[in-house]
Number of protein chains: 2
Amino acid sequence: MFEKPLTPSDVGKLNRLVIPKQHAEKYFPLGGGDSGLLLSFEDESGKSWRFRYSYWNSSQSYVLTKGWSRYVKEKRLDAGDVVLFERRRSHTDRLFIGWRRRSAAATPSAHDSGPGAAQVSGGAGESSGSGSAGGWTRMFYSAPHHNK
Amino acid sequence: MFEKPLTPSDVGKLNRLVIPKQHAEKYFPLGGGDSGLLLSFEDESGKSWRFRYSYWNSSQSYVLTKGWSRYVKEKRLDAGDVVLFERRRSHTDRLFIGWRRRSAAATPSAHDSGPGAAQVSGGAGESSGSGSAGGWTRMFYSAPHHNK
DNA sequence: CGTGAGACCTGGACG
DNA sequence: CCGTCCAGGTCTCAC
C-alpha cells in the first residue's frame, strides 16, 4: 500500500505515527461514526500487532496511537527508518507491517540530515536489517476490528 | 479510613484525585455494573461536597473526578498537603473529608511560599487553620448514590 | 470558538 | 525479570 520514512516525532515520546492523509483515507477509511478502530497486523515473524487508529481533530491528521510505541521499541526504529504497510490477499485478506533501516546516506541524529539527503532514500540500504528480503521485514494482518 | 498526600497531579490540571487501589476497593467498592457513583461528603464547616467516583480501565486506577477541582480550589490545596477520608457513625453513617497542610519538613516547590506570603498560610502548623483539631478539618457524608 | 473536565494511554518505579 | 500501580500526559467533547 504505502511506506513512510519515520520522523523524530514518530519514534519519540508522542507515542504515535502520523499516517499521511492521502494514504489514510485511501487504505484505512474511518466510518463517520467510529471514534477509531483497531487494526491488526502481522510482522515478519508472524507476531501480531494491534494498533489503535484514529483521526485527531486537533491536528487534522490520522494516527496510530496505542500499541505504536511498543512496535518502535521492539524493532529499535529510529528517525529516518522506513515502515511499510501492505495488504496481502491470500485466501483471506491480511495486513502486514514491515520496516527497513534508513539508507546509509541519510544519517540524521545529531543535526539531522545533513547536506544531501533528506529522508528516505532509497534504498533499502543493504542488508544489515534483521534478516529479510530486500531489507524489508513483513507481516500479515487480520481483519480490521471496530472499536467502540 | 485513610489519608493521602496530594501529588502535583492531584491538585493540577488533570482534575482528578487518584485513590490508591488498596483503599478504594476496601472503602468504596464499585458494583461491577456501575460506571461510577457519586459520593457525598461534608467538610469541617458542614458544607456538602459531591464527587464523581469511578474506575479508569486504562490506568487501572480509582479516581475522584467531577467536583474534585472545586474542592482543591476552595481549600487552596497544594502538592504535599494531605486529604483525609473518614466514616463517622452517629445515628446514621456519614462520610467526611478533611485536609491539613503538608508537614513543615517537606517543602517541594522551588522557592515557593516566599517571604511574603503566598497562599493560605498556614495553617497548619498549629492553630490558625480553619478551625479543626490537630490540624485536620473534617466533614460528614451522606449515603453513596448510585450513578447511571 | 476557547476553555475546562473527563476518559484514555504510557512509562517509570517498585515488589 | 515481569506484572502491577499510579503520576503525569494527550485528546476530545461539552459548554
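Naming convention: chains lettered A, B, ... in sequence-line order (proteins, then strands); numbering from 1 in each chain.
Contact annotation for B:Trp56: base contact, defined as any heavy-atom pair under 4.0 Å involving a base atom. As judged by a 4.0 angstrom heavy-atom cut-off over every strand, A:Tyr55 is placed among residues touching the sugar-phosphate backbone only. Across all strands, B:Ser9 comes closer than 4.0 Å to base atoms (heavy-atom distances).
Under the side chain to side chain donor-acceptor pair (under 3.5 Å) criterion, B:Asp81 pairs with B:Arg101, not counting sequence neighbours. For B:Ser9, the side chain to side chain contact (heavy atoms under 4.5 Å, CB included) partners two or more places apart in sequence, or in a different chain, are B:Thr7, B:Leu14, B:Arg16. Here B:Arg70 pairs with B:Trp49, B:Lys66 under the side chain to side chain contact (heavy atoms under 4.5 Å, CB included) rule; sequence neighbours left out. Judged as a salt bridge (Lys or Arg N to Asp or Glu O under 4.0 Å), and not counting sequence neighbours, the contacts of B:Lys4 are B:Asp10. Residues satisfying the salt bridge (Lys or Arg N to Asp or Glu O under 4.0 Å) criterion with B:Glu25, sequence neighbours excluded, are absent altogether. Residues passing the ring pair (Phe, Tyr, Trp, His ring centres under 6.0 Å) test with A:Tyr27 are A:Phe2, sequence neighbours excluded. A:Gln60 is linked by a side chain to side chain donor-acceptor pair (under 3.5 Å) to A:Tyr55, counting only residues two or more places apart in sequence or in another chain. For A:Ser61, the side chain to side chain donor-acceptor pair (under 3.5 Å) test picks out A:Ser59, with sequence neighbours left out.
Within residues 58-69 of chain A, the residues that have a heavy atom under 4.0 Å from DNA chain D are, in order of number, A:Ser58. A heavy-atom distance below 4.0 Å to DNA chain C is reached by these residues of residues 12-23 of chain A, ordered by number: A:Asn15.
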At a cut-off of 3.5 Å, list every protein nitrogen or oxygen paired with a nitrogen or oxygen from nucleotides 1-3 of chain C, distance to 0.1 Å.
none

Under 3.5 Å, N/O pairs linking protein and nucleotides 13-15 of chain D:
none

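Panel note: side chain B:Glu3, backbone B:Val83; no donor-acceptor pair is recorded below 3.5 Å.
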